[in-house]
Amino acid sequence: MSFTMTDTHLPDPVTQSEFYAGIPAKRLLAWIVDVCLIGVMTAIVATLPLFIGWFFFPLIFLVLSFIYRVSTITSGSATWGMRLFNIELRNREGQPLDGSEAVLHTLGYMVAAAFFLPQLASLAMIAISPKCQALHDHLCGTAAINKPQRY
């Protein structure tokens, strides 16, 4: 499976299906890892000011989640959970996400995750769309793919 960085589009799910093989399961596992990491970071931050932060746990979780996702996606086009499962996000040109795209992708994810119907639609879209894209992926023009091997 090779994908040259000079390509101007996302891999085709029909002719290059190996880029999308197993993506729904990998995204779920990566999400679980990311939520656990953010939860641990939140517990540490909430404990630092003499446990007062525990009263604001959901707010601290939300802020740390945003910072974590934007910073990791900007630095490597994937969160640490995604990197663990060898997947990364690409924009509609097939390139890694930059800072502004990471912010938009994260905002889209957080809005969809905050409401039941958009989250349900995202899960269904990951399961049935050819590129395994969630609702926020479709809106941002991004896709999660198996990390290309560079030769």
Take Leu107 and Phe66, measure what side-chain contact (heavy atoms from CB on, under 4.5 Å) needs, and give me the verdict at the end. CA-CA 8 Å; Leu107 281 173; Phe66 184 82; 3.8 Å; yes

Report the C-alpha separation of Asp34 and Tyr68 in whole Å, then their side-chain angles, then the decisive distance to 0.1 Å, and conclude whether the side-chain contact (heavy atoms from CB on, under 4.5 Å) test is met. CA-CA 9 Å; Asp34 290 333; Tyr68 166 81; 2.5 Å; yes

When you measure from the side chain of Arg69 to the backbone of Met110, do you find a donor-acceptor pair of N or O atoms at a distance under 3.5 Å? no

Any pair counted as salt bridge (charged side-chain N to carboxylate O under 4.0 Å, His left out), so long as it reaches residues 108-120, sequence neighbours left out: none

With sequence neighbours excluded, tell me which residues meet ring pair (Phe, Tyr, Trp, His ring centres under 6.0 Å) with Phe85. none

Starting from Val33, can I reach Val70 by hopping between I/L/V/M/F/W/Y residues whose side chains sit under 4.5 Å apart? yes

If we ignore hydrogens and angles and just use 3.5 Å, is the side chain of Tyr20 paired with the main-chain N or O of Ala143 as donor and acceptor? no

Can you confirm whether the side chains of Lys26 and Asn146 place a donor and an acceptor under 3.5 Å from each other? yes

Any chance you could measure Ile145, atom CD1, to Ile87, atom CD1, to the nearest 0.5 Å? 10.0 Å

Grouping I, L, V, M, F, W and Y whenever their side-chain heavy atoms are under 4.5 Å apart, do Leu64 and Met82 come out in a common cluster? no

Residues at least two apart in sequence or cross-chain that pass side chain to side chain contact (heavy atoms under 4.5 Å, CB included) with Phe56, listed by chain then number, are Ile52, Ile60

To the nearest 0.5 Å, how far apart are NE2 in His105 and OG in Ser77? 9.0 Å

Distance, nearest 0.5 Å, that separates CD1 of Ile67 from CG of Leu62: 10.0 Å

Connecting only ILVMFWY residues whose side-chain heavy atoms lie within less than 4.5 Å of each other, what is the rest of Met125's hydrophobic cluster? Leu135, Leu139

Taken in chain and number order and not counting sequence neighbours, the residues that satisfy side chain to side chain contact (heavy atoms under 4.5 Å, CB included) with Leu59 are Val63

Non-neighbouring partners of Ser129 that pass side chain to side chain contact (heavy atoms under 4.5 Å, CB included), sequence neighbours left out: Gln133, His138

Where is the tightest heavy-atom contact between Pro130 and Pro13, given as atom of each residue plus distance? O-CB, 3.4 Å

Tyr109: which residues meet the ring pair (Phe, Tyr, Trp, His ring centres under 6.0 Å) condition with it, sequence neighbours left out? His136

N/O donor to acceptor pairs below 3.5 angstrom from side-chain atoms of residues 35-48, sequence neighbours left out:
unit_1, atom_1, unit_2, atom_2, d
Thr42, OG1, Ile38, O, 2.7
Thr47, OG1, Ala43, O, 2.6
Thr47, OG1, Trp54, NE1, 3.1

I need the full list of ring pair (Phe, Tyr, Trp, His ring centres under 6.0 Å) pairs touching residues 21-48, with sequence neighbours left out, sorted by first then second residue. none

The complete set of salt bridge (charged side-chain N to carboxylate O under 4.0 Å, His left out) pairs with one or both residues in residues 113-140, sequence neighbours excluded, reads Arg27-Asp137

Rounded to the nearest 0.5 Å, what separates atom CD1 in Ile126 from atom CG in Leu28? 9.0 Å

Which heavy atom of Gln119 sits nearest to which heavy atom of Ala113, and what is that distance? OE1-CA, 3.1 Å

Please give the remaining members of the hydrophobic cluster of Leu50, linking ILVMFWY side chains under 4.5 Å, ordered by chain and number. none

Assigning hydrophobic clusters by single linkage (Ile, Leu, Val, Met, Phe, Trp, Tyr; side-chain heavy-atom cutoff under 4.5 Å), is Leu104 placed with Leu97? no

If you look only at pairs with a residue in residues 115-129, which of them pass as a salt bridge (charged side-chain N to carboxylate O under 4.0 Å, His left out), with sequence neighbours excluded? none

Write down the atom of Pro11, the atom of Gln16, and the distance for their closest heavy-atom approach. CA-OE1, 3.2 Å

Provide the closest heavy-atom pair for Ala112 versus Ser122 in the form atom of the first, atom of the second, distance. CB-OG, 4.0 Å

Between CD1 of Ile73 and OG1 of Thr106, what distance do you get to the nearest 0.5 Å? 4.0 Å

Reported CD-to-CD distance for the pair Glu101 and Gln95, which is rounded to 0.5 angstrom: 9.5 Å

